[in-house]
Structures are given as structure tokens and as C-alpha cells.
Amino acid sequence: MGNTSSMLTQYDIEEVQEHCKHAFSQQEIVSLYQRFCQLDRNGGGFILTDEFLTVPEFAVNPLSQRLLRMLNSLNFKEFVAFLSAFSPRVPLQQKIEFIFKLYDSDNNGKVTFHDMLDVLRDLTGQFISEQQREQVLTRVLEEAGYTKDSMLVLSDFVKILGSSDLKMEVEVPVD
Amino acid sequence: MSWTCIAPTLKITTRPDPPSTSLTASSACNSSSLHFRRSRFGLGAFRDLLDISPTLTEAAGAIVDDSFTRCFKSIPPEFWNWNIYLFPLWCFGVLVRHLILFPARVLILTIGWIIFLSSFIPVHLLLKGHDTLRRKLERLLVELICCFFVASWSGVVNYHGPRPSIRPKQVYVANHTSMIDFIVLQQMTAFAVIMQKHPGWVGFLQSTILESVGCIWFNRTEAKDREIVARKLRDHVQGADNNPLLIFPEGTCVNNHYTVMFKKGAFELGCMVCPIAIKYNKIFADAFWNSRKQSFTMHLLQLTTSWAVVCDVICFCIDNLIYGLSTWVRDMISIRAGLKKVPWDGYLKYSCPSPKHRERKQRSFAEWVLRRLEEK
């Protein structure tokens with residue numbers, strides 16, 4: 001599916017569904033396609049950063065820049081795969097993996113103190129000093145049995161977040 | 001034009017401003033602060049800090065569907081020509097609209113323009129000395145050409161409520177769907193409207209004909225423009241002889257299913273605000289002008305090749321409402337026209353949202369973090 005035509009064939013829908021491991025129903029994929037075309041104003045087959053930022057609700061989100069790095073130049077199939085972490089049909093493991101990938105900005109499979117500090121900075125902005133941020137993070141890490149130099153891997157995240165009632169679901173409106 | 005003066009008189013004195021509509025964002029913020037329970041167990045606190053799922057869910061929710069983009073989507077009507085009996089009927093309808101109605105309407109419009117120009121130009125040039133008479137005639141002629149325009153779309157407009165009158169210190173506000181709102185209202189009474197200056201033939205008409213009814217132009221892209229325009233507005237409402245001023249406080253065309261936030265400019269002129277609600281009936285034509293997708297010429301052509309443009313114009317009689325508040329007036333218009341309210345500023349179509357929304361969320365999260373720090 002190179003360029004976005006306004007027609008989605010049954011074959012395309014099934015292909016996308018396979019790719020996202022059945023995280024979405026076929027009607028949801030059609031809805032997502034309409035949304036994709038709506039956001040992809042210039043019809044290039046990819047949603048550009050600026051086009052995402054035209055959604056004010058997204059632009060005001062503190063994590064929008066980190067998400068944009070992951071959303072950059074996604075075609076429709078990858079767009080659906082990206083959103084599949086937010087489907088109620090996927091296991092908790094996949095959602096935790098998504099969160100891990102967001103933290104792991106250099107994609108080396110390890111989340112460092114620095115990565116966690118970056119995310120904390122995005123979430124708190126200028127309302128707390130850098131020193132206080134480091135203090136809190138060090139303290140919380142030590143309480144949890146890690147140190148400032150620990151590098152967390154995915155299994156650590158699963159251990160920490162796995163037992164929580166993590167709610168990360170989005171409803172795709174189906175006409 | 002039928003007048004039904006049954007709009008209820010609303011006795012309203014100054015009313016406290018309702019609490020600002022908190023965006024869905026801040027309510028989600030509250031739910032995320034519930035997440036941050038006090039936890040004695042070390043892992044628990046770490047979990048709370050690492051768990052960014054509420055913020056991520058909001059972002060993903062915005063990607064999948066958001067209330068702002070919905071305001072500017074042309075919602076197509078339901079398909080009715082889907083079977084073998086109705087489809088040929090629809091095709092026949094298309095032929096009738098394009099080959100019979102369209103030429104007839106273009107003819108009506110041409111006749112209208114000829115009558116208008118042959119009266120307007122002499123009046124404009126010859127009556128230079130007699131300003132009051134000239135203005136009166138020009139007003140009538142502009143009303144006339146608007147009637148011709150509305151006839152060219154087979155427009156059926158139902159007017160409810162009292163007809164606007166020429167009085168100083170009075171401003172009319174209406175919801176905005178398309179530039180034809182102006183034409184529909186102008187047919188009722190000559191208004192002086194404040195509009196964005198457009199390029200092309202529309203701009204030409206703006207600077208020649210509409211100038212005579214006292215219209216004011218602004219340019220969205222110029223920052224200094226706001227003060228100049230504000231001053232022009234104030235001068236206009238003071239003048240006893242000027243046409244009633246019409247403002248579209250949304251600042252942009254919305255699809256007639258929603259209203260975006262009203263700009264405060266119209267409500268700070270120190271005069272009475274009279275709302276007008278405009279609701280188009282989509283059965284025959286969708287009057288929403290999606291300025292990103294179509295030029296105004298294409299929009300007019302689309303209307304001229306539809307069956308009819310049907311709308312309701314509701315004017316309110318308001319006693320004692322001296323200083324209308326933008327949120328209160330917006331509520332009135334939205335309820336009356338059956339529109340849903342959306343807490344966004346229409347100008348976000350052209351610019352990024354202000355950082356204060358993001359800062360609100362950041363502040364609430366930061367407060368939680370600081371409390372955590374102080375706990376020990």
C-alpha cells in the first residue's frame with residue numbers, strides 16, 4: 001500500500017490486521033484508515049510531524065515530542081501497529097514493551113537513569129528543578145533496589161509494571 | 001420571508017461567568033493523580049513514577065479521534081441512492097440539477113447583477129453629495145443582490161425572532177459556517193460585517209461594494225492589525241447612522257454541528273450583544289465551506305448545483321442583557337441551533353496551542369513528585 005488512495009481493499013484490511021496481530025477489528029481498521037487520510041493532508045502516504053501537531057489535544061501532551069520520534073514517517077500499516085499497544089485485545093506485555101520503547105530513546109534495549117530523567121523532565125516541565133528531579137529519581141530507584149547506575153531492561157519493566165492495573169486503552173470510533 | 005416573533009424574551013441581568021470549561025485533559029490529570037497513591041513499598045513508588053500510561057492514553061486518544069478536527073470535517077449525508085430503483089432516479093436528479101436548474105440560476109444571478117450594477121454605479125457616483133440618501137439606496141441595493149444570490153441557490157430561509165434594527169451601541173453575533181452566512185443575513189437587514197480580507201474577486205467585491213455598507217476588514221496574519229480593528233469596531237458602534245455590526249466570534253468556518261470558542265473582542269465593545277443562531281438543514285445541501293478543501297468559487301458552484309439551501313435564522317429578543325458574556329452567548333446559540341460545544345479556539349487551525357495547557361498538566365505532575373520528595 002504505497003500511496004494513500006481513498007479506497008481500501010479487503011485484501012489490504014486483512015494484511016494490516018495480520019501485521020498488527022489482530023489487535024483491531026476490520027471495522028476499526030477502516031475507521032483508522034479514514035483518520036489516517038484525514039491527518040495525512042498532503043496525501044503522501046505518511047503523516048508528517050506538523051500534521052500530527054495540527055491536533056491540538058496531541059500537541060499539548062507533554063510526551064508528544066517523544067511520541068513523534070516514534071511516529072515519524074509511518075505508513076498506514078505501521079501506524080496501526082503503533083496504535084495496537086492501545087487496543088484492549090493485546091496482552092499487558094505488549095503495552096509494557098511500548099512504554100519501555102518510549103523510555104529507551106537510543107533503542108539499545110536498556111533504560112538508563114538519564115532516559116528516565118528525560119521522561120520525567122517532559123512530564124514536569126519547569127515546575128520542578130533539575131536537582132529535585134534527580135533527587136526524587138535516585139531516591140525512588142534506591143527504594144526499589146536499584147542504583148543510579150543501573151540499566152533497566154525489559155524484564156525489569158515487566159517486573160515493576162506487570163503487577164499494576166495498567167490501563168492503556170483507546171477506543172476507535174466506528175461509524 | 002415569514003416573521004414569527006415567538007422567541008421568548010429572556011430577562012437576564014449580569015450573571016457570574018460560569019467556571020471555565022476544563023478541557024478533558026485536566027480531568028484525565030485528576031485520574032492520573034489517583035494513580036499516584038501513597039506507597040510504602042519501594043517498588044510501588046517506582047512503579048507509579050514509571051507508569052506513564054495515562055498520559056500516553058490521552059495522546060493516543062487524540063491521534064485516533066479528537067474534538068477539534070471533528071469541527072472542520074464535512075460530514076457527508078447518508079447515502080440514499082444505494083439500490084437499483086433509487087440510483088437511476090438520483091442520476092436523473094443530477095442531470096436536472098446541472099442541466100436545467102444550474103443554467104436557470106446562473107441566468108437569474110446575471111439578471112440580478114445587471115440590475116444591481118446599473119443602479120449601484122449611478123447611485124454611487126451621482127449622489128456623492130447626498131450621503132444619507134446614497135447610503136440608504138446602497139443598503140437597499142445590497143439587500144437586493146443578496147436576495148438574488150439566495151434565489152440562485154433556491155434558498156429557503158426561515159427567520160424567527162425580531163428583525164435587527166439600526167441602533168447605536170448594539171452588536172450582533174452569530175455562529176459561522178460559510179461566507180454565505182453573511183449573504184443570508186444581509187438579505188434580512190443590511191449589516192456591517194467584520195471579515196477577513198480575501199484575495200481574488202471576493203476581495204474586489206469587498207473593497208468596492210461592501211465598503212458602502214460599512215464593513216470592516218482585518219488580516220489574521222498581521223499582529224498589529226488587532227488594535228486597529230478594535231478601534232474601528234468601537235468607532236462603528238458609537239455611530240448612530242451606521243448599519244448594525246455583525247461579528248462572527250468563532251473566527252473561522254465550522255461545520256454547523258459544533259461551535260468553537262467565541263473570541264472576546266465582540267463582547268468588550270461596551271454595548272448590547274444580540275445573538276443570532278444559524279442552522280442549515282443538510283437534506284438538500286451541505287452549506288459548510290471547508291476553506292482548506294475548496295475555494296469560495298467552488299463552494300458557490302456546489303451550492304448552485306444542489307437542490308436548495310435551507311436554513312433557520314433565529315434572532316433572540318433579550319431584555320436587560322447589557323453586557324453579554326461570550327460563554328453565555330455561545331451557550332444560547334449552541335442550544336438553539338442544536339450544536340455541540342467544543343473547548344478549543346478556532347484559530348488553532350492556523351497556529352499551535354498555547355503552552356499553558358501543557359503547563360497545567362506538567363504542574364500537577366510536578367506537585368505530585370515534590371510531595372513524594374517531602375514525604376521522607
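Protein chains get the first letters and strands the later ones, always in sequence-line order, with residue 1 at the start of each. Heavy atoms only: backbone and side chains are in, while hydrogens, waters and symmetry mates are out.
- Within the 4.5 angstrom heavy-atom criterion, only side-chain atoms of A/Val119, from C-beta onward, approach chain B.
- Residue A/Glu14 qualifies as enclosed at atom CD: its count of foreign heavy atoms under 6.0 Å is above 12.
- In this structure, chain B has a heavy atom under 4.5 Å from the backbone of A/Glu169, while its side chain stays farther away.
- Within a 6.0 Å sphere centred on CE of B/Met298, other residues, nucleotides and ligands contribute 12 heavy atoms or fewer.
- Evaluation of the ring-ring contact (aromatic ring centres under 6.0 Å, His included) rule for B/Phe248 yields B/His176 as partners, not counting sequence neighbours.
- A distance of 14.0 Å separates CZ in A/Phe157 from CZ in B/Arg47, rounded to the nearest 0.5 Å.
- In terms of modelled atom types and a separation under 3.5 Å, the side chain of B/Arg363 and the main chain of A/Gln126 share no donor-acceptor contact.
- One distance of note links NZ of A/Lys95 with CG of B/Asp51; it measures 12.0 Å at 0.5 Å rounding.
- B/Phe365 and A/Leu120 get closest at one heavy-atom pair: CE2-CD1, 3.7 Å.
- Atom CD1 of B/Ile52 sits about 8.5 Å away from atom CZ of A/Phe98, to the nearest 0.5 Å.
- With a 4.5 angstrom heavy-atom cutoff, A/Leu83 touches chain B only via side-chain atoms.
- In this structure, B/Ala45 and A/Glu143 approach most closely via the heavy-atom pair CB-OE1, 3.9 Å.
- Interatomic distance, A/Thr54 OG1 to B/Lys349 NZ, rounded to the nearest 0.5 Å: 12.0 Å.
- Across A/Val172, A/Leu67, A/Thr124, A/Leu161, the residue that shares the most heavy-atom pairs under 4.5 angstrom with chain B is A/Thr124.
- Most heavy-atom pairs under 4.5 Å with chain B: of the set A/Leu123, A/Val55, A/Ile96, this distinction falls to A/Leu123.
- More than 12 heavy atoms of other residues, nucleotides or ligands sit less than 6.0 Å from atom NZ of B/Lys197.
- Side-chain atoms of B/Asp66 never come within 3.5 Å of backbone atoms of A/Phe58 as a donor-acceptor pair (strictly under, hydrogens ignored).
- Put simply, of A/Leu141, A/Ile128, A/Ile160, A/Leu102, the one with the most heavy-atom pairs under 4.5 Å next to chain B is A/Ile160.
- When every heavy atom of A/Val60 is checked against every heavy atom of B/His357, the shortest pair comes out as CG1-CB, 3.7 Å.
- The CZ atom of B/Phe46 sits 10.0 Å away from the NZ atom of A/Lys159 when rounded to the nearest 0.5 Å.
- In this model, a donor atom of one side chain and an acceptor atom of the other lie less than 3.5 Å apart for A/Glu57 and B/Ser67.
- Only the side chain of A/Leu152 comes within less than 4.5 Å of a heavy atom of chain B; its backbone N, CA, C and O stay farther away.
- In this structure a side-chain-to-backbone donor-acceptor pair under 3.5 Å is missing from B/Arg358 to A/Pro62.
- The nearest pair of heavy atoms linking B/Glu58 to A/Asn61 is CB-ND2, 3.7 Å.
- For a residue to count as touching a neighbouring chain, one of its non-hydrogen atoms must lie under 4.5 Å from one of that chain's; by this rule A/Leu39 touches chain B with the side chain only.
- The shortest non-hydrogen separation linking A/Val170 to B/Gly61 is CG2-N, 3.5 Å.
- The number of heavy-atom neighbours closer than 6.0 Å to CD of A/Gln10, taken from other residues, nucleotides and ligands shown, is above 12.
- The CG atom of B/Leu50 lies 8.5 Å from the CD1 atom of A/Ile99; values are rounded to the nearest 0.5 Å.
- Note: B/Ile63 leads B/Ile63, B/Asp345, B/Thr57 in heavy-atom pairs under 4.5 Å with chain A.
- Listed by first and then second residue, the salt bridge (charged side-chain N to carboxylate O under 4.0 Å, His left out) pairs involving residues 103-132 of chain A are A/Arg66-A/Asp122, A/Asp118-A/Arg121, A/Arg121-A/Glu130, A/Glu130-A/Arg133 (not counting sequence neighbours).
- Counting heavy-atom pairs closer than 4.5 Å to chain A, the top residue among B/Leu56, B/Leu370, B/Val369, B/Leu348 is B/Leu56.
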